[in-house]
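Report on the structure given below.
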Amino acid sequence: SKTAMFFTQFMFFIILIYSVYLLGKLLWNERVGLFGAFLAGAFPGIAFFSRTFNTDIPAASLFALDLYLLFKTGFFKDKKYSLFANNFCV
């Protein structure tokens, strides 16, 4: 149904925005994270494709989340984040 499609895409859109924020905050500072999250949410392609069902938004959101987890592991030195990074790296 359209409702299920909308909520699935919306969930991945939120994961993308939050992952970009966390990645910017981890690599630089909170201000850069907020600015990056704003740009990712306001980017016309992402805003347009998040309303239709396709694999672009889920792939981008899981990639951003996996990239954040990879940096958070310290290149697999921290075991806690390594488990999450390995599960999302499919």
Side-chain angles (χ1 to χ4, degrees):
S1 76
K2 281 191 166 191
T3 306
M5 182 271 308
F6 172 77
F7 283 116
T8 303
Q9 289 293 96
F10 184 70
M11 178 189 68
F12 282 116
F13 181 71
I14 296 299
I15 291 172
L16 174 66
I17 299 302
Y18 190 61
S19 298
V20 168
Y21 165 72
L22 289 174
L23 195 57
K25 183 179 171 185
L26 179 69
L27 294 177
W28 289 281
N29 57 30
E30 186 175 0
R31 186 174 176 201
V32 172
L34 287 171
F35 186 67
F38 172 74
L39 285 180
F43 189 68
I46 292 175
F48 174 74
F49 285 119
S50 67
R51 292 185 176 94
T52 60
F53 190 73
N54 54 24
T55 59
D56 296 341
I57 299 299
S61 65
L62 292 179
F63 176 75
L65 179 63
D66 190 46
L67 193 61
Y68 166 73
L69 290 172
L70 177 67
F71 281 117
K72 193 71 175 173
T73 62
F75 295 99
F76 300 107
K77 292 178 184 170
D78 186 2
K79 302 292 183 199
K80 182 176 82 171
Y81 288 104
S82 294
L83 178 67
F84 290 120
N86 287 333
N87 287 333
F88 283 111
C89 190
V90 175

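Only this structure's heavy atoms are used, side chains among them; waters, hydrogens and symmetry mates stay out. Positions are given from 1, in the same order as the sequence printed here. Since this is a predicted model, take the numbers as computed values, not measurements.
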Value for CE (M5) from OG1 (T3), rounded to nearest 0.5 Å, stands at 8.5 Å

Taken to the nearest 0.5 Å, the spacing of D66 CG from L62 CG works out to 8.5 Å

message = Using the rule that Ile, Leu, Val, Met, Phe, Trp and Tyr join whenever any side-chain heavy atoms are under 4.5 Å apart, tell me whether F53 and F6 fall into a single cluster.
response = no

Side-chain donor-acceptor pairs under 3.5 Å in residues 33-41, sequence neighbours left out?
none

One should read off an interatomic distance between I46 CD1 and F12 CZ, to the nearest 0.5 angstrom, of 14.5 Å

Review point. Any donor-acceptor pair under 3.5 Å linking the side chain of S19 with the backbone of L16?
Key: no

Distance col, row F13:CZ vs I57:CD1, nearest 0.5 angstrom, shows 7.5 Å

Does any part of the side chain of K25, heavy atoms only, come nearer than 4.5 Å to the side chain of V32, both counted from C-beta?
no

Hey, does E30 have a side-chain heavy atom less than 4.5 Å from the side chain of Y21? yes

Quick check: do Q9 and P58 have side-chain heavy atoms less than 4.5 Å from each other? yes

CG of L22 to CD1 of I15, rounded to nearest 0.5 Å, is 11.5 Å

One should read off an interatomic distance between L70 CG and F63 CZ, to the nearest 0.5 angstrom, of 9.5 Å

